[in-house]
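Lettering of chains follows the sequences in order, A, B, ..., and the numbering in each one begins at 1.
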There are 2 protein chains.
Amino acid sequence: MPKLVKSYTLSDQVCDLLKDSIIRGDLKPGDRLLELDIAKNYNVSQAPVREALSRLKNEGFVIHYPHKGTFVSNFSKKNIEEVYSFREAVEPLAIKRAISNITDDDLEKLKSIYEDMLQAGKENDLEMLNKHDIAFHTYIYKLADHEFMFNVWENLSSASNRIWYLTNQIYFKNLNEVAKLHEPILNALYKRDAEECIAAFKAHMKFVWDKIRDEEKIK
Amino acid sequence: MPKLVKSYTLSDQVCDLLKDSIIRGDLKPGDRLLELDIAKNYNVSQAPVREALSRLKNEGFVIHYPHKGTFVSNFSKKNIEEVYSFREAVEPLAIKRAISNITDDDLEKLKSIYEDMLQAGKENDLEMLNKHDIAFHTYIYKLADHEFMFNVWENLSSASNRIWYLTNQIYFKNLNEVAKLHEPILNALYKRDAEECIAAFKAHMKFVWDKIRDEEKIK
DNA sequence: ACTTTATATATTATCGATAATGTATAAACA
DNA sequence: TGTTTATACATTATCGATAATATATAAAGT
């Protein structure tokens, strides 16, 4: 079935554009976001900009002080640690529930995403590897059939995206390794072994976080 | 130090009023929320209403279909199960981190909140018991010093509030019991014993969820 | 009768302008 | 000089009105 056309409101577009600017680092932590300036820039009125900023606030990309203004949020090593420690707490629940729902068809799909990751690793394509990495974990969250957790994951994955761009100089040396980290996760899924899968996942988190923690460039 | 005056914008007020109506059941799942009607009702314009609805959407109280409308979200037994399973996954992280930061002063504060709960239990004051229950767990989340998790908790506690109102006929028979469930948690905190505390917490979740699961009135 | 197309209507999404609020600077006062 | 009060300015918050989009109903065509 072809994907339905998604109506793309102005506020959605502004939100995506701003988010991209923040993730890519064009807008830096502390930068002020003036509603009317942005509106003029994108040739829209204040209303969709406010909506966009409100969404970015909820995803943690900006901080809003009422009557004062909106600023790009900081994203320090502490925030990164928070994302990893949080995922370590939550994703085991996703894995357990996913395994109790997973079908052979799902396993094929996950395997294919894993192969895409390997391919991206071979080609040293950071952006693609990131995309497939997120897709892999998103698939597991979807299988978990847990609406609340899925919403939280959407925020987490945005944050993970931001981390990815902040830390790409680290990953760049290890693209193949990062992709390969998902093999034990996939194998455990095939065995429907939740505990083994969780252990593999935690090893994955630990590998990445260890690399980042020791990196001097990121404060 | 006295609490600072908080500027209370119109959208904040509308948001709180609507949330209250939903929590208390005056607005029922599926009810349509017409922006201009609400605006006229509360004697404000459309803009603050839209902002309020956007926040309610993020907290899961309403669902928004672009260009179609906003509707009060459903809150079924499945949603309740999600909240409890999610808290069981996340709150252990909060407890571990809280214990590594907790001071004697904090313990006194928590004890005093616990005593407020007991008092509310004695007086059969459901609303107060709820309030102090949330305050107790919020205190622990604050101690955890984990911004991301705290934001998630704010949504969780809103949902917990909604559950509370949906299930008050159950709690009503067990107010003292519910309050008492926090004693082992508090004791473990005094001992700085994370594992014992997590076990006590899980018993707490299990007690409440068991009561709800078996309740025929809630679908 | 059953699609398709036109029309009317309801509602959200967006606009441009104004009001409320906060910040910085200058004037008045002790 | 240091502190308070007044003034000007910048920015957000809100308003009332219009444009865009969806839904329901009626008309036309097959």
Side-chain angles (χ1 to χ4, degrees), chain A residues 1-22 27-74, chain B residues 1-22 27-74:
Chain A
M1 192 172 65
K3 262 191 185 166
L4 295 171
V5 277
K6 48 181 170 183
S7 85
Y8 206 28
T9 63
L10 291 186
S11 39
D12 283 331
Q13 295 180 55
V14 173
C15 181
D16 286 351
L17 286 166
L18 286 175
K19 194 194 283 187
D20 224 53
S21 298
I22 295 171
L27 287 168
K28 290 182 206 328
D31 281 2
R32 184 168 210 171
L33 297 171
L34 287 180
E35 299 182 350
L36 286 171
D37 278 9
I38 296 167
K40 208 161 60 179
N41 251 319
Y42 293 144
N43 210 30
V44 295
S45 82
Q46 197 186 356
V49 174
R50 275 179 71 81
E51 280 216 27
L53 290 178
S54 145
R55 245 171 288 169
L56 290 173
K57 187 188 84 183
N58 275 300
E59 296 182 22
F61 284 96
V62 302
I63 303 176
H64 177 83
Y65 304 99
H67 289 290
K68 285 188 179 173
T70 304
F71 303 84
V72 176
S73 68
N74 190 26
Chain B
M1 194 169 66
K3 264 193 184 164
L4 295 170
V5 277
K6 49 180 169 184
S7 85
Y8 207 28
T9 62
L10 291 185
S11 39
D12 284 330
Q13 294 178 56
V14 173
C15 180
D16 286 351
L17 285 166
L18 286 174
K19 193 193 286 187
D20 224 52
S21 298
I22 295 171
L27 288 168
K28 289 182 209 324
D31 282 2
R32 183 167 211 173
L33 297 171
L34 287 179
E35 299 182 350
L36 286 171
D37 278 8
I38 297 167
K40 206 160 63 177
N41 251 318
Y42 293 144
N43 210 32
V44 295
S45 81
Q46 198 186 354
V49 174
R50 276 180 71 81
E51 280 216 27
L53 290 178
S54 146
R55 244 170 288 170
L56 290 174
K57 188 188 83 183
N58 276 299
E59 296 181 24
F61 284 95
V62 301
I63 302 176
H64 177 84
Y65 303 99
H67 290 291
K68 286 188 178 173
T70 304
F71 304 84
V72 176
S73 69
N74 189 26

> Assign B:Leu34 to base, sugar-phosphate, or nothing according to its heavy-atom contacts below 4.0 angstrom with the strands shown.
sugar-phosphate
> Can you name the nearest heavy-atom pair linking B:Leu53 to B:Glu35, along with the distance?
CD1-CG, 3.8 Å
> In whole angstrom, give the distance that lies between atom OH of B:Tyr8 and atom C1' of D:dA13.
16 Å
> What nucleotide among D:dT12, C:dT14, D:dT23 has an atom nearest to a side-chain atom of B:Lys68?
D:dT23
> Which residues within residues 40-55 of chain B lie with some heavy atom under 4.0 Å of an atom in DNA chain C?
B:Gln46, B:Arg50
> May I have the distance from A:Arg32 (atom CZ) to C:dG22 (atom P), rounded to whole angstrom?
13 Å
> Round to the nearest Å and state the distance from A:Leu36 atom CG to C:dT14 atom C1'.
14 Å
> Output yes when at least one side-chain N/O atom of B:His64 is less than 4.0 Å from OP1 or OP2 of C:dA13, else no.
yes
> Of all residues at least two apart in sequence or in a different chain, which pass the salt bridge (Lys or Arg N to Asp or Glu O under 4.0 Å) check with B:Glu51?
A:Arg50, B:Arg55
> Between D:dT11 atom C1' and A:Ile38 atom CD1, what is the distance in whole Å?
12 Å
> Where is the tightest heavy-atom contact between B:Ala52 and B:Cys15, given as atom of each residue plus distance?
CB-N, 3.5 Å
> Could you check how far CD of A:Glu35 sits from P of C:dC15, rounded to whole Å?
14 Å
> Mind running side chain to side chain contact (heavy atoms under 4.5 Å, CB included) on A:Val72 and A:Lys28 for me, showing each step along the way?
CA-CA 6 Å; A:Val72 176; A:Lys28 290 182 206 328; over 6 Å; no
> Would you mind reading off the distance between B:His67 atom NE2 and C:dT14 atom P, rounded to a whole angstrom?
6 Å
> Would you indicate whether the side-chain heavy atoms of B:Leu18 and B:Phe61 approach each other to under 4.5 Å?
no
> Taking only residues two or more places apart in sequence or in another chain, which ones pass side-chain hydrogen bond (donor to acceptor under 3.5 Å, both in side chains) with B:Asp20?
B:Arg24
> When you measure from the side-chain N and O atoms of A:Ser11 to the phosphate of C:dA13, is any distance below 4.0 Å, counting only OP1 and OP2?
no
> How about A:Leu33 and A:Val49: do any of their side-chain heavy atoms sit closer than 4.5 Å?
no
> Starting at atom CG of A:Asp12, determine the distance to atom C1' of C:dT12, rounded to an integer number of angstrom.
13 Å
